[in-house]
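Quick one: structure below, then a few questions.
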Amino acid sequence: MSKLGNLGARLHRGEIGYDFVKNRKIWYGLSILITITAIVGLAVRGLHMGIEFQGGAVFTTPKNVSASVSQAEGYAEEASGHDAIVQKLGDGTLRIQVAGIDTGAADKIKAQLSDDLKIDAEQINAELVGPSWGDQIANKAWQGLGIFMVLVVIYLAIAFEWRMAVAAFVALIHDITITVGIYALVGFEVTPGTVIGLLTILGYSLYDTVVVFDSLKEQTKDITKQTRWTYSDIANRSINSTLVRSINTTVVALLPVAGLLFIGGGVLGAGMLNDISLSLFVGLAAGAYSSIFIATPLVADLKEREPAMKALRKRVLAKRAQSAAKGETEVHDEAYAGESEDAAPAVVGPRNQPASRTRGRGRPSGKRR
């Protein structure tokens, strides 16, 4: 087995782990920094709205045009006085988009393009796009997003608890803000495909979060009846027990999206694929990050504020201090003897040996007292 595969297997079995909850302030700070960068990019550069949202005209040339994409773009901008977007389609035709023009201007641009490209004007197909359709799409998207958020909060509050609903809501806002900010910084065109991509990533981000929450809910039943683990300890264990699963599903989902973005949009020049693939790529990565580093640590923060959890933490820390003072070596595996490997406590570094191998160590005779 490769080193990476061996590491994944050990993570899954709980032999090693990482204390995500303890280092939550680092993840909060990193997320705040990324979010501020995204907001600044959105405020300074703004979104490059597609023709569906601004209105304008789309000109499609025949296959026998000898001009390159850059030449056609220069011709279109000179004829219209507006920025133009030119894409070379798979069949060899050129698709020229010019936003913010009316019917009269479209006819003049069509005539000028026919002269510059040295083709008959009748061979150029002109199609006007009104901004009202894009406005309807945007309004429907906002309505769908609002309804989705409300239903998510209600469902999580009923199925789990309100703290988990709040944490999931914060994670979703985090993912949307970063994705929209990246769009502004990169300058990709926002089209209805972008809106579809944004709505798609919400469900994926929520899926990873709910998987961890479900594990956390199961492992925190009757938590106040024991004195070995705090809520944060078990929250950290839940993240580690589902970590490999989250990484695998994210990588598998990112691979085809990366193919669309970098190969389809970048290498092959199918620019229309960028509309949806960038939002999916950034959103999937941000969703995986937020489910591990934001949502669950935030739940642990909120839960640790409860009086019952504060009292539990005091009892756990007091017992650990007492054990340390007596020089006892507590074996964590005995705390959850008989549980599945997925529920094994996550620790930093190698896990302690099983109780059967450690029992009696540190005593002269090796026998029980």
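All residue numbers in this chain count up from 1 along the given sequence. Everything quoted here is computed from the prediction, not taken from an experiment.
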Exercise for the section: Evaluate the side-chain contact (heavy atoms from CB on, under 4.5 Å) criterion for residues T177 and L42: first the C-alpha distance (whole Å), next the side-chain angles of each, then the deciding distance (0.1 Å), finally the verdict. Expected result: CA-CA 9 Å; T177 304; L42 184 61; over 6 Å; no
Exercise for the section: Specify the closest pair of heavy atoms between G197 and L280, including all atoms of both residues, with the distance to one decimal. Expected result: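 Minimum heavy-atom separation between G197 and L280: O-CD2, 3.9 Å.
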Handout entry: Residue that, paired with S215, satisfies side chain to side chain donor-acceptor pair (under 3.5 Å) out of E218, K217, Q219
Key = Q219
Practice task
Search all heavy atoms of L254 against all heavy atoms of A285 and return the closest pair with its distance.
Solution key: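 Where L254 meets A285 most closely, the heavy atoms are CD2-N, 4.3 Å.
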Practice task
Would you mind reporting whether Y183 and T194 have side-chain heavy atoms less than 4.5 Å apart?
Solution key: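 Side-chain contact under 4.5 Å: yes.
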Problem - Test item: Q112 side-chain N/O and D115 main-chain N/O as donor-acceptor pair under 3.5 Å - result: no
Handout entry: Short side-chain to backbone donor-acceptor contact, Q226 and R228, under 3.5 Å
Key =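 Yes, because the side chain of Q226 sits within donor-acceptor range (under 3.5 Å) of the backbone of R228.
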Practice task
Tell me, with the steps shown, if K310 and E304 meet salt bridge (charged side-chain N to carboxylate O under 4.0 Å, His left out).
Solution key: CA-CA 6 Å; K310 288 181 179 180; E304 291 285 4; over 6 Å; no
Problem - Minimum-distance pair of heavy atoms, taken over all atoms of L216 and M164 - result: CD2-CE, 3.8 Å
Handout entry: Exercise: do Y18 and N23 side chains pair donor with acceptor under 3.5 Å
Key = yes
Residues 140-149 side chain polar contacts: donor-acceptor under 3.5 Å, at least two apart:
none

Practice task
Flag yes if V186 and L47 sit in one hydrophobic cluster, no otherwise; membership is Ile, Leu, Val, Met, Phe, Trp, Tyr, and two members link when side-chain heavy atoms are under 4.5 Å apart.
Solution key: yes
Problem - In one Ile/Leu/Val/Met/Phe/Trp/Tyr side-chain cluster, 4.5 Å: Y28, I26 - result: yes
Problem - Pairwise side-chain contact, R305 with M309, heavy-atom cut-off 4.5 Å (strictly under) - result: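 Result no, sub-4.5 Å side-chain heavy-atom pair not found.
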Handout entry: same_hphob_cluster(L255, F281) at 4.5 Å side-chain heavy-atom cutoff
Key = yes
Problem - Reference residue S290; test side-chain contact (heavy atoms from CB on, under 4.5 Å); the match among I178, D208, D175 - result: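 Of I178, D208, D175, side-chain contact (heavy atoms from CB on, under 4.5 Å) with S290 is met by D175 alone.
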Exercise for the section: Enter the distance from I176:CD1 to I201:CD1 here, rounded to the nearest 0.5 Å. Expected result: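 I176 CD1 to I201 CD1: 6.5 Å, rounded to 0.5 Å.
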Exercise for the section: Answer whether the closest heavy-atom distance between the side chains of Y207 and S291 falls below 4.5 Å. Expected result: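 Not touching, per the 4.5 Å side-chain cut-off.
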Practice task
Taking atom types as modelled, find out whether Y231 and D301 have a side-chain donor-acceptor pair closer than 3.5 angstrom.
Solution key: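 There is no such pair between these side chains.
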Problem - Inter-residue atom distance D120.CG - S114.OG, 0.5 Å rounding - result: 7.5 Å
Exercise for the section: Group every Ile, Leu, Val, Met, Phe, Trp and Tyr by side-chain heavy-atom contacts under 4.5 Å, then state whether Y155 and V152 land in the same group. Expected result: yes
Practice task
Decide, yes or no, whether a salt bridge links D222 with K225 under the criterion of side-chain N to carboxylate O below 4.0 Å.
Solution key: yes
Problem - Derivation of the salt bridge (charged side-chain N to carboxylate O under 4.0 Å, His left out) call for R320 and D233 - result: CA-CA 13 Å; R320 290 177 182 175; D233 292 334; 2.7 Å; yes
Practice task
Show the numbers, then the answer: is there a side-chain contact (heavy atoms from CB on, under 4.5 Å) between M49 and T191?
Solution key: CA-CA 7 Å; M49 306 303 292; T191 66; over 6 Å; no
Problem - Atom pair CH2 (W27) and CG (L30), whose distance is rounded to the nearest 0.5 Å - result: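 With rounding to 0.5 Å, CH2 (W27) is 8.0 Å from CG (L30).
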Handout entry: Rounded distance [0.5 Å steps], CD in Q97 versus CZ in F59
Key =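 Reported to 0.5 Å precision, the distance equals 11.0 Å.
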Practice task
Heavy atoms only: give me the nearest Y75-A67 pair and the separation to one decimal.
Solution key: CE1-CB, 4.4 Å
Problem - Heavy-atom check, side chain of I196 versus side chain of S279, under 4.5 Å - result: no
Handout entry: Heavy-atom side-chain contact between I223 and L312 under 4.5 Å
Key = yes
Exercise for the section: Please name the residue in the list N125, L94, L113, V86 that meets the side-chain contact (heavy atoms from CB on, under 4.5 Å) test with T61. Expected result: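 Looking at N125, L94, L113, V86, the match for T61 under the side-chain contact (heavy atoms from CB on, under 4.5 Å) is L94.
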Exercise for the section: May I ask you to check whether T230 and S232 show a side-chain donor-acceptor distance below 3.5 Å? Expected result: no
Practice task
Please report the C-alpha distance between V210 and F160 in whole Å, then the side-chain angles of each, then the deciding distance to 0.1 Å, and finally whether the side-chain contact (heavy atoms from CB on, under 4.5 Å) criterion is met.
Solution key: CA-CA 9 Å; V210 169; F160 299 99; 4.0 Å; yes
Practice task
Please answer whether the main-chain N or O of G74 pairs with a side-chain N or O of E77 as donor and acceptor at a distance below 3.5 Å.
Solution key: no
Exercise for the section: Show the numbers, then the answer: is there a side-chain contact (heavy atoms from CB on, under 4.5 Å) between V212 and I292? Expected result: CA-CA 8 Å; V212 182; I292 296 171; 5.8 Å; no
Problem - Euclidean distance, S238 OG relative to F20 CZ, rounded to 0.5 Å - result: 12.0 Å
Exercise for the section: Classify the angle between the aromatic ring planes of H174 and Y289 as parallel (below 30°), tilted (30 to 60°) or perpendicular (above 60°). Expected result: parallel
Exercise for the section: Please say whether more than 12 non-hydrogen atoms of neighbouring residues, nucleotides or ligands are located less than 6.0 Å from CZ in R315. Expected result: yes
Exercise for the section: Check whether any side-chain heavy atom of T60 lies under 4.5 Å from a side-chain heavy atom of I124, and answer yes or no. Expected result: no
Practice task
Report yes if the side chains of K22 and N236 come closer than 4.5 Å at any heavy-atom pair, otherwise no.
Solution key: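 The answer is no; the side chains never approach within 4.5 Å.
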Exercise for the section: For residues A235 and T296, report the shortest heavy-atom separation together with the two atoms involved. Expected result: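 That would be O-CG2, 3.9 Å.
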Completion exercise
For E78, the side chain to side chain contact (heavy atoms under 4.5 Å, CB included) test, sequence neighbours excluded, returns none
Problem - Cluster check L206, I173: I/L/V/M/F/W/Y, side chain < 4.5 angstrom - result: yes
Problem - OG on S31 to CD1 on I294, rounded to 0.5 Å - result: 3.0 Å
Problem - Shortest non-hydrogen separation from V299 to A167 and the atoms involved - result: CG2-CB, 3.4 Å
